[in-house]
Amino acid sequence: MAYISGIIMGKTITVSYHKTPCYNIELQKDFRLLPEKLKELGYGKNRACIVTETVVEKFYLEEVKSLLSPMFALCTSFVFEEGESNKNTDTVGKLYNHLIQNSFDRKDVLIALGGGVTGDLTGFAAATYLRGIDFVQVPTSLLAQTDSSIGGKTGVDFLQYKNMVGAFYMPKLVYMNISTLKTLPKRQFSSGTAELIKHGFIKDNSYTNLIRSHREAMISQNYETMEEIIYRSCLIKRDVVERDPKEQGERALLNFGHTIGHAIEKLSDFTLYHGECVSLGMVSAGYISLQKGNITQEQLEELKHILSGFGLPITLENFPHSPEDILATTKLDKKMESGKIKFVLLKTLGDAYITKELEDSDLLEGIRYIMGAIV
Ligand SMILES: NC(=O)c1ccc[n+]([C@@H]2O[C@H](COP(=O)([O-])OP(=O)(O)OC[C@H]3O[C@@H](n4cnc5c(N)ncnc54)[C@H](O)[C@@H]3O)[C@@H](O)[C@H]2O)c1
Ligand SMILES: [Zn+2]
């Protein structure tokens with residue numbers, strides 16, 4: 001972290017889209033520089049709508065609104081009920097209505113203040129309202145700061161299908177106040193570690209080693225440690241989405257742990273958090289990688305050890321659904337191509353690949369492994 005005349009400079013990462021600089025990710029210790037960063041982008045005379053949900057509202061809406069109100073002609077807020085079950089087209093419809101009632105037009109901007117649910121939903125509304133208005137990500141959860149706010153994937157759940165309706169739509173800015181993690185409940189913090197650990201497993205073993213050696217400092221939320229961990233996670237995600245912005249190849253590696261994870265998330269009625277389900281999905285996929293002769297038993301144990309070290313689940317006990325139910329639910333996922341599931345396996349720790357060659361029996365074994373039927 002650099003200091004100039006008492007002002008914390010933070011860290012900046014630029015994300016390009018088709019080789020042209022597209023938006024910056026700002027890592028900051030507070031919200032103070034948000035108005036300045038928005039002014040640099042030319043915002044000022046227009047309207048802004050801060051979109052957030054009922055939990056984040058209580059902690060941060062007033063502060064962000066009072067910082068932004070002086071610089072906009074109008075600064076409104078739209079607050080929806082917290083939780084994944086509200087990441088749907090009904091909430092988007094209510095947001096459209098709020099924007100229409102307040103005469104928002106294409107020069108205006110939406111500001112997503114919250115976790116991945118808020119970012120995904122706001123981004124989707126921004127992509128579709130008047131065929132597209134600007135949006136800015138202000139992620140407040142660990143998952144959103146290390147993963148979901150970067151890369152322009154926006155969307156909502158529809159009927160029983162997760163992220164079924166969406167758009168690739170880039171934010172104009174990602175501004176993260178890392179200090180907001182202090183108010184994140186412990187279980188949510190732990191859930192957020194799953195995606196950053198995933199970045200190490202699929203791309204960069206040196207990052208995994210950094211996480212392993214800084215576990216205590218991360219759990220106690222040492223600021224410098226968290227800044228470095230989040231920064232490195234953003235770099236890994238940035239590099240992947242720059243090379244493959246629309247998931248035609250490499251970006252699908254980021255779905256490691258998500259095929260089985262999403263099925264568990266759905267069948268748990270979202271009582272298990274996204275990162276917890278991704279953790280279980282990664283253990284399953286790790287076991288299948290072992291069965292295919294890619295990783296060793298020691299590497300699988302190491303993968304599990306890192307996840308459980310952050311309080312993430314590595315077994316699914318007393319789950320009221322069978323392995324067959326979980327398998328059937330994976331088929332509802334959109335990661336299918338010509339009826340075949342696209343599945344991410346590990347070649348080794350730090351290197352993943354995509355396969356369409358898995359049989360149902362392979363997936364079932366992976367699911368049975370986390371459910372304790374295979375030891
Ligand atoms: N777009 C992408 O590329 C991408 C990638 C990964 C995940 N996702 C999506 O992200 C969502 C999960 O994100 P999430 O875990 O952030 O969920 P979330 O937005 O529901 O946030 C988790 C919980 O933490 C609370 N919270 C957030 N910030 C807080 C803070 N600073 N202090 C106190 N409480 C706070 C929220 O109110 C909520 O209860 C899922 O819908 C998933 O599909 C999207
Ligand atoms: Zn995810």
Side-chain angles (χ1 to χ4, degrees), residues 1-15 23-38 40 56 59-60 63-64 67 111-116 118-119 136-151 171 173-242 254 275 306 309-312:
M1 207 183 343
Y3 294 86
I4 292 181
S5 352
I7 298 176
I8 300 159
M9 299 303 288
K11 285 188 161 136
T12 303
I13 298 172
T14 300
V15 185
Y23 57 94
N24 280 349
I25 304 169
E26 303 288 351
L27 283 80
Q28 292 290 333
K29 202 169 188 169
D30 52 42
F31 287 120
R32 273 185 300 169
L33 290 183
L34 181 58
E36 190 178 313
K37 298 290 169 195
L38 290 171
E40 283 170 12
V56 173
F59 291 108
Y60 303 111
E63 183 185 351
V64 173
L67 276 168
I111 294 167
L113 174 68
T118 305
V136 165
Q137 293 268 21
V138 185
T140 61
S141 71
L142 183 58
L143 186 145
Q145 293 184 352
T146 51
D147 188 1
S148 67
S149 64
I150 306 151
L173 169 71
V174 180
Y175 184 102
M176 46 186 86
N177 168 2
I178 293 172
S179 305
T180 57
L181 298 179
K182 293 269 180 228
T183 56
L184 196 64
K186 271 205 169 62
R187 191 177 154 202
Q188 289 291 357
F189 183 87
S190 166
S191 169
T193 59
E195 305 267 15
L196 61 90
I197 294 171
K198 176 194 79 181
H199 288 159
F201 287 160
I202 61 169
K203 277 281 159 198
D204 187 347
N205 215 24
S206 72
Y207 185 55
T208 307
N209 290 335
L210 184 79
I211 294 168
R212 197 192 291 113
S213 58
H214 288 76
R215 191 182 75 93
E216 301 289 334
M218 285 173 70
I219 291 171
S220 62
Q221 289 210 32
N222 171 277
Y223 185 84
E224 278 71 26
T225 304
M226 285 315 293
E227 188 193 49
E228 183 62 17
I229 291 286
I230 293 169
Y231 180 72
R232 293 272 306 264
S233 181
C234 291
L235 285 181
I236 294 174
K237 175 127 189 199
R238 190 270 311 262
D239 290 351
V240 172
V241 300
E242 279 189 346
L254 297 169
I306 294 170
F310 284 94
L312 288 162

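Checked against side-chain contact (heavy atoms from CB on, under 4.5 Å), Glu36 has the following partners two or more places apart in sequence or in another chain: Leu33, Glu40. Residues satisfying the side-chain contact (heavy atoms from CB on, under 4.5 Å) test with Asn222, not counting sequence neighbours, are Ala217, Glu224, Thr225. Under the side chain to side chain donor-acceptor pair (under 3.5 Å) criterion, Lys37 pairs with no residue at all, not counting sequence neighbours. Considering only residues two or more places apart in sequence or on other chains, Ser233 meets the side chain to side chain donor-acceptor pair (under 3.5 Å) condition with His199. Residues meeting the side chain to side chain donor-acceptor pair (under 3.5 Å) test with Glu26, sequence neighbours left out: Thr12. Annotation: salt bridge (Lys or Arg N to Asp or Glu O under 4.0 Å) contacts of Arg215 (sequence neighbours excluded): none.
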- Tell me, with the steps shown, if Val64 and Val138 meet side chain to side chain contact (heavy atoms under 4.5 Å, CB included). CA-CA 10 Å; Val64 173; Val138 185; 5.6 Å; no
- Step by step, would you call Val56 with Thr118 a side chain to side chain contact (heavy atoms under 4.5 Å, CB included)? CA-CA 10 Å; Val56 173; Thr118 305; 5.8 Å; no
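Under the 4.5 Å side-chain criterion, counting only non-hydrogen atoms from C-beta, Phe201 is in contact with Ile306. Counting heavy atoms from C-beta outward, Val15 and Glu242 have side chains that approach closer than 4.5 Å. Residues Ile230 and Leu142 have side chains in contact (heavy-atom distance under 4.5 Å, counting atoms from C-beta outward). Taking the side chain as every heavy atom from C-beta outward, Leu27 and Ile178 approach each other to under 4.5 Å. Residues Ile202 and Val240 have side chains not in contact (no heavy-atom distance under 4.5 Å, counting atoms from C-beta outward). In this structure the side chain of Leu34 reaches within 4.5 angstrom of the side chain of Leu173, judged on heavy atoms. In this structure the side chain of Phe31 never reaches within 4.5 angstrom of the side chain of Ser179, judged on heavy atoms.
The distance from the CD1 atom of Ile13 to the CG atom of Leu235 is 4.0 Å, given to the nearest 0.5 Å.
Sequence neighbours left out, the pairs with a member in residues 138-149 that pass salt bridge (Lys or Arg N to Asp or Glu O under 4.0 Å) are Asp147-Lys198, Asp147-Lys237. Sorted by first and then second residue, the side chain to side chain donor-acceptor pair (under 3.5 Å) pairs with a member in residues 205-214 read Asp204-Ser206, Ser206-Arg232, Asn209-Arg212, Arg212-Glu302; sequence neighbours excluded.
Pairing each heavy atom of Ala194 with each of Gly275, the nearest pair is CB-O, 3.2 Å. Closest approach of Met176 to Pro139, counting heavy atoms only: CB-CG, 3.9 Å. Closest approach of Gln221 to Lys182, counting heavy atoms only: O-NZ, 3.1 Å. In this structure, Ser149 and Pro171 approach most closely via the heavy-atom pair O-CG, 4.2 Å. Annotation for Gly116 and Ala144: closest pair N-CB, 3.7 Å, computed over non-hydrogen atoms. Residues Gln145 and Ile150 come closest through the heavy atom pair O-CD1, 4.1 Å.
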Pairs under 3.5 angstrom only: tabulate donor-acceptor contacts from the side chains of residues 183-190 to other protein residues two or more places apart or in another chain.
unit_1	atom_1	unit_2	atom_2	d
Thr183	OG1	Tyr60	OH	2.6
Thr183	OG1	Thr180	O	3.0
Arg187	NE	Glu276	OE2	2.7
Arg187	NH2	Thr271	O	2.9
Arg187	NH2	Glu276	OE1	2.8
Ser190	OG	Phe310	O	2.6

